[in-house]
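As a basis for the values below, the full set of heavy atoms in this structure was taken, side chains included, without hydrogen atoms, waters or symmetry mates. Chain letters run A, B, ... following the sequence lines, proteins first, then strands; residues in each count from 1.
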Amino acid sequence: MRNKICNDLNNSDIGQSVDLCGWVDRRRDHGGVIFLDLRDHSGFLQLTFNPEDGTDLFNTAEKLRNETVIFVRGVINKRPEESINNNISTGSLELNVKELKILNEVKNNLPFPVSIHDYENTKEELRIKYRYLDLRRGKLIQNLKTRHNILKVVRQYLDQHEFTEVETPLLTKSTPEGARDFLVPSRISKGDFFALPQSPQLFKQLLMVGGLNNYYQIAKCFRDEDLRADRQPEFTQLDMEMSFITEEEIINFNEQLIKKIWKEILNINLKEDFPRMTWQEAIDNYGTDRPDTRYEMTLKDVGNILGNIGFNIFTKAIKSGGSIKCINVKGGNTSISNVRIKPGGDIFQVAQDAGAGGLAFIRVKDNDIDTIGAIKNNLDESLIKQLLQKTNAEEGDLILLGAGKTEIVNQSLDRVRQYIAKELHLVDDVSANKKWNFLWITDFPMFAKNEEENRLEALHHPFCAPKLDLNKKESLQNDLEISTAKAYDLVLNGLEIGGGSIRIHQSELQKKVLKTVGLSNEEIEEKFGFLIEALEMGAPPHGGIAFGLDRIVMLIIGADSIRETIAFPKNQQAKCLMTKAPSNVAKSQLKELDIEITIDE
RNA sequence: GGGACCGUAGUUCAACUGGUUAGAGCACCGCCCUGUCACGGCGGAAGUUGCGGGUUCGAAUCCCGUCGGUCCCGCCA
């Protein structure tokens with residue numbers, strides 16, 4: 001249909017007749033001559049229409065509107081020196097159109113302007129509903145191409161290392177534990193349901209049992225949970241599994257992969273080894289298992305300094321087994337007012353929303369401190385000195401303290417820390433010197449207590465191997481419950497972008513772990529019998545990792561939401577605004593499945 | 001399930017502590033314009049202020065409800 005695309009044109013085409021196709025981006029009708037920017041997937045070219053080239057041609061050109069789809073044939077001219085447009089790559093050329101065909105008309109008043117020149121902040125609701133128009137604006141196409149390029153690097157790298165890409169089922173078995181499943185009814189087995197996979201976890205393990213050795217998949221995963229800017233109901237994991245492999249080997253291998261991606265896509269050389277931090281260190285120093293290490297303000301435990309000063313809230317916190325911790329806001333004395341940290345203030349509110357009862361503060365001034373009387377009256381010079389030393393606080397700093405149950409103190413100070421970092425612009429995401437703070441978190445606990453249900457839950461998932469000496473069988477059960485796992489997460493700038501573990505490859509241990517999270521023998525048999533059985537038939541030691549591809553793309557392109565990385569995303573209500581899915585189905589369809597809707601209309 | 005913010009022309013926004021006929025840019029329609037490139041000039045059409053109710057002499061504005069959207073908490077092994 002065409003023999004050129006806009007961006008391919010250069011001075012060697014001057015005088016040549018070319019055929020082009022595309023959309024009308026903008027038009028400038030001077031009455032006697034019409035200028036029109038043609039846009040195709042590659043770029044722009046100015047078209048000129050002259051009355052001398054024919055009345056029909058000119059009349060048709062006058063009718064063209066933005067986004068009309070056209071074919072043009074004409075001669076490439078060099079533009080007059082004074083009318084060269086340096087903003088586009090073909091700015092020194094133009095096409096003198098001799099033949100024009102309208103390939104498709106366009107209706108009046110599109111939902112929003114498409115031309116990037118008219119770009120305005122368009123409501124995301126409209127952008128998603130008319131995704132094809134938003135795509136045509138180009139930015140999203142660029143994002144999809146970046147995504148494609150990342151996958152290209154991944155596929156090439158993994159292929160070189162003899163990984164095999166394998167597709168695992170999308171219609172699979174519902175699992176207890178973990179996220180809610182999306183269910184798919186079976187017509188042939190009436191009353192039974194498939195579940196869409198939350199991840200290919202068990203299948204990839206079984207591929208290892210099958211001797212595949214190195215597996216990967218660009219895997220669609222489904223979780224029926226509430227959405228966030230970085231969470232969609234269907235998302236993509238870069239999923240990997242390896243046999244006869246250690247934690248150390250997996251971490252090193254994947255660090256190389258990540259470095260390769262950053263090098264190929266962003267031309268950034270990440271030379272240093274990614275830092276590592278145990279889960280406990282992360283919790284102690286940052287209050288979270290995905291610390292943002294781009295700024296300091298770490299949490300300090302000051303329980304032994306302030307626990308006995310007679311301030312009731314502090315005393316109670318320590319006596320009931322809790323903590324007193326704090327962060328030091330450098331220069332906070334001037335940058336943060338008392339209004340913000342006292343009840344009703346925004347920072348106070350952040351702490352309270354995270355469950356904290358309150359937020360105490362100490363301002364450091366002239367080697368003295370400024371705080372509420374109940375604290376100050378009970379602090380002697382030695383304690384103040386210890387406190388300043390512990391927090392590295394100096395004149396002009398602001399120390400914010402939380403006291404109470406350790407988990408609550410950690411969570412609230414973590415949120416306050418992040419909030420203040422944002423408010424004080426401690427990270428600059430638009431800077432050319434953007435920081436890429438990768439961090440491995442290791443030694444996760446195997447289990448965490450579910451307070452509401454008073455039972456243990458797997459912190460990662462119940463297939464992670466514990467760091468235990470399995471020869472000491474007598475204390476296995478007790479040791480197991482307090483054991484750490486051979487599990488690791490990769491964190492980037494405070495976001496979890498991947499995680500994995502060495503898996504359990506012995507059936508007995510797997511059964512013990514499933515029992516520990518509260519499953520009965522019958523449930524284990526029914527839900528995971530196939531896995532246990534496979535582990536009895538010569539399962540090799542194995543482990544792997546999965547990365548959140550959408551998040552990685554989001555971070556690389558500098559977007560605020562993974563929706564910017566997905567061609568047709570769903571909104572926060574997990575609905576597709578374009579197709580209006582999910583939607584009703586015909587009664588006959590339900591009847592065939594023996595399913596009845598009982599909701600009152 | 002909960003909290004916060006938002007909803008005005010096709011679109012992006014405006015409209016003061018409630019005040020008289022809800023404005024502007026772009027897009028659209030008509031006329032003019034031969035070197036523009038965010039072309040320009042003149043004119044025009046375009047609104048159930050998401051929807052329903054309430055307060056008031058008077059509501060885009062205040063209150064209640066509802067629908068839709070975004071962000072967050074819970075949730076997401």
Within residues 572-581 of chain A or reaching into it, pairs that qualify as salt bridge (Lys or Arg N to Asp or Glu O under 4.0 Å) - sequence neighbours excluded:
none
Salt bridge check: are A/R290 and A/D489 linked by an N-O gap of less than 4.0 Å?
no
So does A/D134 pair up with A/K139, basic N to acidic O under 4.0 Å?
no
Can you run down the salt bridge (Lys or Arg N to Asp or Glu O under 4.0 Å) pairs that involve residues 495-509 of chain A, sequence neighbours left out, and say none if there aren't any?
A/E241-A/R503, A/E508-A/K511
A/L459 near the nucleic acid: base, sugar-phosphate alone, or nothing, with a heavy-atom cut-off under 4.0 Å?
sugar-phosphate
NA contact type, A/I84, heavy-atom cut-off 4.0 Å: base, sugar-phosphate, or nothing?
base
Who pairs with A/D181 by salt bridge (Lys or Arg N to Asp or Glu O under 4.0 Å), at least two apart in sequence or on another chain?
none
Just N and O in the side chain of A/Q572: are any of them under 4.0 Å from OP1 or OP2 of B/C71?
yes
Who is the Watson-Crick or G-U wobble partner of B/U66, with both distances under 3.5 Å?
B/G50
Over all strands shown, is A/E496 touching base, sugar-phosphate only, or nothing at heavy-atom distances under 4.0 angstrom?
nothing
Without decimals, in angstroms, what is the distance between A/K63 NZ and B/C28 C1'?
17 Å
Could you check how far CD of A/Q46 sits from C1' of B/U34, rounded to whole Å?
13 Å
Whole-Å P distance, B/C75 and B/G68
25 Å
Ring stacking, A/H30 with base of B/C33, under 5.5 Å and under 30°?
no
Base, sugar-phosphate alone, or nothing: which one does A/E52 contact when heavy atoms must sit under 4.0 Å apart?
base
Quick note, salt bridge (Lys or Arg N to Asp or Glu O under 4.0 Å) partners involving residues 45-59 of chain A, not counting sequence neighbours, are A/D53-A/K98
Between the side chains of A/R340 and A/E423, is the shortest nitrogen-to-carboxylate-oxygen separation below 4.0 Å, so that they form an ion pair?
yes
Given that both distances must come in under 3.5 Å, which nucleotide forms a Watson-Crick or G-U wobble pair with B/C71?
B/G3
Holding to ring pair (Phe, Tyr, Trp, His ring centres under 6.0 Å), I want the full list of residues that pass it with A/Y215, two or more places apart in sequence or in another chain.
none
Quick one: are A/L492 and A/L555 in side-chain contact, heavy atoms under 4.5 Å?
yes
Holding to salt bridge (Lys or Arg N to Asp or Glu O under 4.0 Å), I want the full list of residues that pass it with A/R415, two or more places apart in sequence or in another chain.
none
What does the list of N/O pairs under 3.5 Å between the protein and nucleotides 9-11 of chain B look like, with a distance for each?
unit_1: B/G10; atom_1: O2'; unit_2: A/L110; atom_2: O; d: 2.9
unit_1: B/U11; atom_1: O2'; unit_2: A/E120; atom_2: OE1; d: 3.4

With both distances under 3.5 Å as the test, what is the Watson-Crick or G-U wobble partner of B/C26?
B/G10
For B/G58, which nucleotide in any strand shown is its Watson-Crick or wobble partner with both distances under 3.5 Å?
none
Mapping A/K570 and A/S199 onto RNA chain B by nearest heavy atom, which one lands closer to the 5' end?
A/K570
Can you identify which nucleotide, out of B/U70, B/C28, B/G35, has its nearest atom closest to the A/N108 side chain?
B/C28
Given RNA chain B, 5'-ward residue of the pair A/D560 and A/Q201, judged by closest heavy atom
A/D560
P spacing across the pair B/U20 / B/U49, given as an integer number of angstrom:
15 Å
Under a 3.5 Å limit for both distances, which nucleotide forms a Watson-Crick or G-U wobble pair with B/A15, could you say?
none
Using a cut-off of under 3.5 Å, enumerate the N/O to N/O pairs linking the protein to nucleotides 73-76 of chain B.
unit_1: B/C73; atom_1: OP2; unit_2: A/R228; atom_2: NE; d: 2.7
unit_1: B/C73; atom_1: OP2; unit_2: A/R228; atom_2: NH2; d: 3.4
unit_1: B/C73; atom_1: O3'; unit_2: A/R415; atom_2: NH2; d: 3.4
unit_1: B/G74; atom_1: OP1; unit_2: A/R415; atom_2: NH2; d: 3.4
unit_1: B/G74; atom_1: N7; unit_2: A/R228; atom_2: NH2; d: 2.8
unit_1: B/G74; atom_1: O6; unit_2: A/R228; atom_2: NH1; d: 3.0
unit_1: B/G74; atom_1: O6; unit_2: A/R228; atom_2: NH2; d: 3.3
unit_1: B/G74; atom_1: N1; unit_2: A/D226; atom_2: OD2; d: 2.6
unit_1: B/G74; atom_1: N2; unit_2: A/D226; atom_2: OD2; d: 3.2
unit_1: B/C75; atom_1: O2'; unit_2: A/E225; atom_2: OE1; d: 2.5
unit_1: B/C75; atom_1: O2; unit_2: A/R231; atom_2: NH2; d: 3.1
unit_1: B/C75; atom_1: N3; unit_2: A/R231; atom_2: NH1; d: 3.3
unit_1: B/C75; atom_1: N3; unit_2: A/R231; atom_2: NH2; d: 2.9
unit_1: B/C75; atom_1: N4; unit_2: A/R228; atom_2: NH2; d: 3.4
unit_1: B/C75; atom_1: N4; unit_2: A/R231; atom_2: NH1; d: 3.3
unit_1: B/C76; atom_1: O2; unit_2: A/R231; atom_2: NE; d: 3.3
unit_1: B/C76; atom_1: O2; unit_2: A/R231; atom_2: NH1; d: 3.0
unit_1: B/C76; atom_1: N3; unit_2: A/R231; atom_2: NH1; d: 3.0

Within less than 4.0 Å of OP1 or OP2 of B/C28, is there a side-chain N or O belonging to A/R27?
yes
Closest to the A/D37 side chain: B/U70, B/C37, B/U36?
B/C37
Just checking A/N571: base, sugar-phosphate only, or nothing, at a heavy-atom cut-off of under 4.0 Å?
sugar-phosphate
Between B/U36 and A/R28, is there an OP1 or OP2 to side-chain N/O distance shorter than 4.0 Å?
no
P spacing across the pair B/G19 / B/A15, given as an integer number of angstrom:
12 Å
Looking across every strand, which nucleic acid part, if any, lies under 4.0 Å from A/R127 by heavy atom: base, sugar-phosphate, or nothing?
nothing
Go through the structure and list residues passing side-chain hydrogen bond (donor to acceptor under 3.5 Å, both in side chains) with A/T442, not counting sequence neighbours.
none
